[in-house]
K.L.:
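Structure below; questions to follow.
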Amino acid sequence: MSEAAHFYETFQPSHYDLYLDINRETKTISGKTSIIGEAKQPNIAVHQKYLKVESVEANNQAVPFTTDDPAEAVRITLPKAGDVKLTITYTAPLTDTMMGIYLSYYEVDGVKKQIIGTQFETTAARQAFPSVDEPEAKATFDLAIKFDEHPGETVISNMPEVREINGVHYFDTTVRMSTYLIAFAFGELQSKQTTTKSGVKIGVFATKAHKPNELDFALDIAKRSIEFYEDFYQTPYPLPHSWQLALPDFSAGAMENWGLVTYREALLTIDPDNTSLETKQRVATVIAHELAHQWFGDLVTMKWWDDLWLNESFANMMEYVAVDALQPDWHIWEAFQTLEVPMALQRDATDGVQSVHVQVEDPAEIDSLFDSAIVYAKGARMLVMVRALIGDDALRAGLKAYFEAHKFGNAAGADLWAALGQASHLDVGKIMQSWLEQPGYPVVTAAVVDGKLTLSQQQFFIGAGKDVGRQWQIPLNSNYAVAPQIFADKQVTLGDYAQLRQDSGKPFRINVGNNSHFIVQYDQTLLTDILDHLDQLNAIDQRQILQDLRLLAEGRQNSYANIVPLLPRFAESRSAIVINALYRVANDLKQFVTPDSSDEVQLKAFFDQLSAGQFKRLGWLPKPGETNDDQLTRPYVLSMALYAKNATAIAQGHDLFTANKDQLLQLPADVRMFVLQNEVKNFGSAALFDQLLTAYKQTTDSSYKADILAALTSTPNKALIGKIIDQFENADTIKPQDLRSWFRGVLNNHVGEQAAWDWIRKEWSWLEKTVGGDMEFTTYITVIAGIFRTANRLDEFKAFFEPKLPTPGLTREITMDTSVIASRVDLIQAEQQAVNGAVAKAVK
């Protein structure tokens with residue numbers, strides 16, 4: 001059987017009986033799996049990984065089998081094709097890798113404890129039980145679990161528990177579903193529960209390390225999300241319950257297991273009395289994302305992993321649709337502009353990036369598909385474009401038909417486009433084909449040529465890129481009626497510019513609302529006109545101006561030196577998303593200066609100039625009557641003011657620390673990170689370092705942990721950097737799930753860059769062994785590429801990673817990230833003098 005062959009082609013399960021006996025003490029699993037299905041031929045295979053298969057029976061008769069570890073298979077010879085009941089007994093290890101069935105560790109009152117959780121996406125169900133572990137191989141499941149149970153423990157799964165006999169917990173039969181969505185957990189858990197209007201039980205579960213009220217926010221969002229989706233999709237939630245579980249160790253952000261969604265603790269449990277608005281928004285959107293999947297991904301599942309975007313892109317859009325309905329005062333689509341849009345535009349401009357739809361077979365390559373910038377963010381932008389084109393009525397009608405046609409089954413991208421096209425009477429598939437199958441995106445140049453307003457499209461690259469003449473069907477969203485709805489040609493002339501400008505009475509613009517996945521290069525005439533009427537643009541459109549100018553500078557079609565004098569015009573904005581864009585550009589200017597140089601002194605003065613007015617207005621602490629925008633703006637302003645070494649900001653931050661030194665957790669969550677960072681950078685000591693590291697280990701508040709991490713990794717003390725790196729491989733201090741954030745923090749600190757780079761090169765094999773099996777592993781390479789900026793570092797990066805190019809799952813990331821660093825090195829060499837000159841001029 002070739003590696004590319006899907007096991008489902010030769011054996012099609014319809015029902016599983018799963019029995020698992022799990023011993024935490026010995027870290028072993030004893031299992032017995034019965035699979036009823038149809039063998040299309042006598043020689044079949046089922047998946048296994050790390051299983052020790054003891055026996056295989058077909059219809060109660062022993063049959064020959066071989067274990068094929070390279071193919072992650074058990075190959076079975078049956079007497080004949082046809083209906084069969086396979087029974088496989090096996091043992092397996094309980095892991096610490098956050099994949100398969102694994103141990104998750106935490107402490108309560110200094111006592112170490114553990115719970116068991118699961119993570120089966122993409123191909124780790126086969127680590128728990130033999131199965132046809134492919135999305136299309138849907139079946140029903142009966143699950144029975146026995147474990148070394150002690151009083152006070154809870155066990156939960158996709159479906160309700162129906163009985164317990166002699167220590168074996170039996171769960172109700174599932175609906176027809178894919179293997180990767182099976183989930184269960186057990187241990188000392190607490191929960192809070194409620195019920196939706198339609199009778200679905202909603203629960204939030206966590207360890208007893210958390211205060212009970214930390215479950216309240218998630219319970220409310222989960223309940224209202226399920227109610228919203230039942231109405232929006234016009235399709236009932238098909239299970240009796242929806243449990244949300246916070247796991248102390250979890251590699252990804254969250255996982256949409258049907259009926260038992262698992263999360264990182266940071267993305268489910270929050271302190272309702274002291275959590276920033278930004279954190280509340282993040283937790284709400286993650287919950288809404290996973291619950292969107294209960295229909296889109298779980299009820300209807302992609303046939304194969306090449307259509308992963310069908311799951312993730314759609315859920316990524318729907319999380320914003322849902323939260324916008326649940327919390328309209330948050331204006332959550334503005335967060336889409338600051339999070340998803342820049343991530344997609346930055347990544348998708350690098351030559352070699354994957355398209356949204358990608359052919360893939362190898363399990364290692366499947367994990368590499370989870371490119372958050374492409375499959376999540378760019379895919380969501382594609383669907384936002386579709387929604388803007390067809391409207392919500394057609395979207396809902398199309399989705400209802402899609403769910404009805406494919407429920408409890410599988411679908412491909414063409415099936416979704418067909419349903420939406422029928423509902424909207426638009427050829428959605430034709431429009432979306434260019435976005436789905438092609439990598440990259442266009443820059444649309446808008447120019448006045450010989451008096452005529454002209455548009456042209458060309459693929460946009462940051463760094464070296466081979467233009468192969470790609471074209472897109474671009475929803476233009478222009479404010480001039482003469483512009484086509486869909487721009488599919490290489491070039492189009494719209495008419496006499498002077499006449500069009502006079503008739504319209506406003507500057508010409510395209511991609512109004514910034515919903516389409518392209519950027520705009522306006523010529524000087526058109527750009528000057530827009531900037532002269534800046535106050536007439538809303539926050540998203542103002543932000544878009546800075547976004548596109550910054551990307552054009554990255555792509556060498558503009559210069560950062562040209563953007564510098566524009567920044568003060570945006571500095572007093574009362575919109576958080578405009579300040580976010582300003583902050584992004586200003587932070588980019590740091591790459592052009594050497595730490596502690598005279599150029600950096602000038603840059604800090606410029607940062608002070610940009611932030612001083614806002615700092616005076618907002619200060620460190622919230623004021624009565626503040627807007628949401630004020631709350632979201634303050635962190636950017638504090639960050640700029642502290643980089644600028646604003647004496648008042650530093651002194652007031654120190655006063656806040658001193659006043660709260662015995663209760664740092666109680667500092668307002670919006671500013672706590674900056675208070676701690678300010679203290680470590682400007683008033684730090686070994687004693688403070690030890691105090692904060694101890695607090696990090698002891699607290700269960702995830703946002704406080706993140707604040708301490710950011711503070712400690714910013715230390716200017718080399719000896720303390722060494723102490724941090726000494727803890728990188730100590731899971732009692734730094735959990736593997738959090739290591740990447742610690743590594744990035746140290747690498748991004750110029751005092752710690754060399755030490756962090758030395759560590760990862762020396763300990764790569766340890767890292768691969770510890771977190772190499774999950775979809776987050778390649779992002780260590782991405783992190784490095786996001787920071788390196790010198791020719792020497794580029795050479796070192798290539799020397800270390802190029803020998804790893806043949807490694808499945810790493811090839812594309814290494815190739816792309818080499819290009820990312822090379823383009824940054826070229827940009828700095830070409831523009832450093834001009835940019836620093838522009839900053840010096842702006843300060844005077």
K.L.:
Looking only at side chains, do Ser765 and Glu763 share a donor and an acceptor under 3.5 Å apart?
P.N.:
no
K.L.:
Any side-chain heavy-atom pair from Ile708 and Lys705 closer than 4.5 angstrom?
P.N.:
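No; the side chains remain at least 4.5 Å from each other.
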K.L.:
For the NE2 atom of His289 and the CD atom of Glu319, what is their distance to the nearest 0.5 Å?
P.N.:
6.0 Å
K.L.:
Checking the side chain of Glu290 only, and the main-chain atoms of Glu256 only, is there a donor and an acceptor separated by less than 3.5 Å?
P.N.:
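Between the backbone of Glu256 and the side chain of Glu290 there is a qualifying donor-acceptor contact (under 3.5 Å).
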K.L.:
Between Glu164 and Gly167, is there a donor-acceptor pair closer than 3.5 Å when you use the side chain of the first and the backbone of the second?
P.N.:
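Yes, the answer is positive, given that a donor and an acceptor are paired below the 3.5 Å cut-off.
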K.L.:
Under 4.5 Å between any side-chain heavy atoms of Phe370 and Glu312, yes or no?
P.N.:
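Yes, side chains in contact.
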K.L.:
Take a 6.0 Å sphere around NZ of Lys27 and say whether it holds more than 12 heavy atoms from other residues, nucleotides or ligands.
P.N.:
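Atom NZ in Lys27 is crowded, with more than 12 foreign heavy atoms closer than 6.0 Å.
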K.L.:
Between Asp133 and Thr179, is any side-chain donor less than 3.5 angstrom from a side-chain acceptor?
P.N.:
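Result is yes, a qualifying pair exists.
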K.L.:
How would you list, by chain and number, every residue that makes a salt bridge (Lys or Arg N to Asp or Glu O under 4.0 Å) with Asp596, sequence neighbours excluded?
P.N.:
none
K.L.:
Can you tell me if Asn158 uses its side chain to pair, donor with acceptor, with the backbone of Gly259 under 3.5 Å?
P.N.:
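No; judged by distance alone, with no hydrogens or angles, the pair does not exist.
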K.L.:
Taking the six-membered ring for Trp, are Tyr180 and Trp305 parallel (under 30°), tilted (30 to 60°) or perpendicular (over 60°)?
P.N.:
tilted
K.L.:
Check this for me: does any side-chain nitrogen of one of Arg793 and Glu753 sit under 4.0 Å from a carboxylate oxygen of the other?
P.N.:
yes
K.L.:
What donor-acceptor contacts under 3.5 angstrom involve side-chain atoms of residues 691-698, with partners at least two apart or in another chain?
P.N.:
| from | atom 1 | to | atom 2 | distance (Å) |
| --- | --- | --- | --- | --- |
| Thr694 | OG1 | Asp690 | O | 2.9 |
| Tyr696 | OH | Trp742 | NE1 | 3.1 |

K.L.:
Do any pairs count as a side chain to side chain donor-acceptor pair (under 3.5 Å) and have a residue in residues 778-789, sequence neighbours left out, and if so which ones?
P.N.:
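Of all non-adjacent pairs touching residues 778-789, those that pass side chain to side chain donor-acceptor pair (under 3.5 Å) are Arg740-Thr779, Thr782-Glu813.
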K.L.:
Tell me whether Asn660 contacts the main-chain N or O of Leu656 through its side chain, where contact means a donor paired with an acceptor under 3.5 Å.
P.N.:
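Pair found, side chain donor or acceptor close to backbone of Leu656.
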K.L.:
Would you say the side-chain atoms of Thr91 pair up with the backbone N or O of Ser30, donor to acceptor, closer than 3.5 Å?
P.N.:
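Between the backbone of Ser30 and the side chain of Thr91 there is no qualifying donor-acceptor contact (under 3.5 Å).
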K.L.:
Could you note down all residue pairs passing ring pair (Phe, Tyr, Trp, His ring centres under 6.0 Å) where residues 252-276 supplies at least one of them, sequence neighbours left out?
P.N.:
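Applying ring pair (Phe, Tyr, Trp, His ring centres under 6.0 Å) to every pair that reaches into residues 252-276, excluding sequence neighbours, yields nothing.
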K.L.:
Between His169 and Phe147, is the gap from one ring center to the other below 6.0 Å?
P.N.:
yes
K.L.:
Is it true that His241 and Gln193 share a donor-acceptor pair across their side chains at a distance under 3.5 Å?
P.N.:
no
K.L.:
With sequence neighbours excluded, tell me which residues meet salt bridge (Lys or Arg N to Asp or Glu O under 4.0 Å) with Glu768.
P.N.:
none
K.L.:
Give a yes or no on whether Glu25 atom CD has more than 12 heavy-atom contacts from other residues, nucleotides or ligands under 6.0 Å away.
P.N.:
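No, because the 6.0 Å sphere around CD of Glu25 holds 12 heavy atoms or fewer from other groups.
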K.L.:
Only counting residues at least two apart or in another chain, list the ones meeting salt bridge (Lys or Arg N to Asp or Glu O under 4.0 Å) with Lys192.
P.N.:
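Testing Lys192 for salt bridge (Lys or Arg N to Asp or Glu O under 4.0 Å), a comparison that skips the adjacent residues, returns Asp216.
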K.L.:
For Lys49, check salt bridge (Lys or Arg N to Asp or Glu O under 4.0 Å) against everything at least two apart and list the hits.
P.N.:
Glu72
K.L.:
To the nearest 0.5 Å, what is the distance between OG1 on Thr122 and CE on Met99?
P.N.:
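With rounding to 0.5 Å, OG1 (Thr122) is 6.0 Å from CE (Met99).
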K.L.:
Show your reasoning for whether side chain to side chain contact (heavy atoms under 4.5 Å, CB included) applies to Lys208 and Leu189.
P.N.:
CA-CA 6 Å; Lys208 293 176 181 177; Leu189 299 171; over 6 Å; no
K.L.:
For Lys718, does the NZ atom sit with more than 12 other heavy atoms under 6.0 Å from it, leaving out its own atoms?
P.N.:
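Atom NZ in Lys718 is not packed in, count stays at 12 or less.
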K.L.:
Among side-chain atoms of Glu729 and Trp759, is any donor-acceptor pair under 3.5 angstrom?
P.N.:
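Yes.
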K.L.:
What residues form a side chain to side chain contact (heavy atoms under 4.5 Å, CB included) with Ser104, not counting sequence neighbours?
P.N.:
Tyr102, Ile115, Leu247, Pro248, Asp249
K.L.:
Atom OG1 of Thr28 and atom CG of Asn23: how far apart are they, to the nearest 0.5 Å?
P.N.:
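With rounding to 0.5 Å, OG1 (Thr28) is 4.5 Å from CG (Asn23).
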K.L.:
Are Phe801 and Leu810 close enough that some pair of their side-chain heavy atoms sits under 4.5 Å apart?
P.N.:
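In short, these two side chains do not touch, never coming nearer than 4.5 Å.
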K.L.:
State, to 0.1 Å, how close Asp738 and Arg264 come at their nearest heavy-atom pair, and which atoms those are.
P.N.:
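Looking at all heavy atoms of both residues, the shortest contact is OD1-NH1, 3.5 Å.
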K.L.:
What residues form a ring pair (Phe, Tyr, Trp, His ring centres under 6.0 Å) with Phe788, not counting sequence neighbours?
P.N.:
Trp757
K.L.:
If only side-chain N and O atoms count, and only distance matters, is there a donor-acceptor pair under 3.5 Å linking Gln666 with Asn274?
P.N.:
no
K.L.:
Quick one about Gln727 and Asn730 (side-chain donor to acceptor, distance below 3.5 Å, no hydrogens or angles considered), yes or no?
P.N.:
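Result is yes, a qualifying pair exists.
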K.L.:
Mind checking whether Asp271 and Phe217 have side chains closer than 4.5 Å, heavy atoms only?
P.N.:
no
K.L.:
Does anything in residues 697-721 form a ring pair (Phe, Tyr, Trp, His ring centres under 6.0 Å)? List the pairs, not counting sequence neighbours.
P.N.:
none
K.L.:
Got Gln190 and Leu215 here, is their nearest side-chain heavy-atom distance under 4.5 Å?
P.N.:
yes
K.L.:
How long is the straight-line distance from OG1 of Thr26 back to CG of Asp148, given to the nearest 0.5 Å?
P.N.:
7.5 Å
K.L.:
Does any part of the side chain of Gln48, heavy atoms only, come nearer than 4.5 Å to the side chain of Tyr90, both counted from C-beta?
P.N.:
no
K.L.:
Do Thr95 and Leu103 have side chains that approach each other closer than 4.5 Å (heavy atoms only, starting at C-beta)?
P.N.:
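Sidechains of Leu103 and Thr95: no contact.
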K.L.:
What's the spacing between Thr715 OG1 and Lys723 NZ if we round to 0.5 Å?
P.N.:
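Reported value, rounded in 0.5 Å steps: 10.5 Å.
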K.L.:
Is it the case that over 12 heavy atoms from other parts of the model lie below 6.0 angstrom from the NZ atom of Lys211?
P.N.:
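Not buried by this count: 12 neighbours or fewer within 6.0 Å.
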K.L.:
Please name the pair of heavy atoms, one in Ala209 and one in Glu107, separated by the smallest distance, quoted to 0.1 Å.
P.N.:
CB-O, 3.5 Å
K.L.:
Would you mind checking if Glu153 and Arg24 are paired as a salt bridge, meaning a charged N to carboxylate O distance below 4.0 Å?
P.N.:
yes
K.L.:
The test is side chain to side chain donor-acceptor pair (under 3.5 Å); show your working for Tyr19 and Thr33 and say whether it passes.
P.N.:
CA-CA 6 Å; Tyr19 172 79; Thr33 296; over 6 Å; no
K.L.:
For Phe205, what residues pass the ring pair (Phe, Tyr, Trp, His ring centres under 6.0 Å) criterion, not counting sequence neighbours?
P.N.:
Trp243
K.L.:
Are Thr279 and Thr275 packed together at the side-chain level, in the sense that at least one heavy-atom pair is separated by less than 4.5 angstrom?
P.N.:
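They are in contact (side-chain heavy atoms under 4.5 Å apart), so the answer is yes.
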K.L.:
Testing the basics here: between Ala124 and Gly100, what is the closest heavy-atom pair and its distance to 0.1 Å?
P.N.:
CB-N, 3.7 Å
K.L.:
Inspect the contact between Glu188 and Lys113 and indicate whether a charged nitrogen and a carboxylate oxygen are less than 4.0 angstrom apart.
P.N.:
yes
K.L.:
Could you grab the distance from atom NZ of Lys52 to atom CD1 of Ile29, nearest 0.5 Å is fine?
P.N.:
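Answer for the NZ-CD1 pair, Lys52 versus Ile29, is 14.5 Å.
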K.L.:
For Tyr643 and Asn587: C-alpha separation, side-chain torsions, deciding distance, then whether side chain to side chain donor-acceptor pair (under 3.5 Å) applies.
P.N.:
CA-CA 10 Å; Tyr643 175 74; Asn587 257 13; over 6 Å; no
K.L.:
Going by the rule side chain to side chain contact (heavy atoms under 4.5 Å, CB included), which residues pair with Thr818 if we only count those two or more places apart in sequence or in a different chain?
P.N.:
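By the side chain to side chain contact (heavy atoms under 4.5 Å, CB included) rule, Thr818 matches Leu794, Phe797, Lys798, Ile814.
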K.L.:
Flag the pair Lys32 and Asp21 as a salt bridge only when some basic side-chain nitrogen lies within less than 4.0 angstrom of an acidic carboxylate oxygen.
P.N.:
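So Lys32 does not pair with Asp21 through a salt bridge.
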K.L.:
Above 12 or not: heavy atoms from other molecules or residues under 6.0 Å from CZ of Phe171?
P.N.:
yes
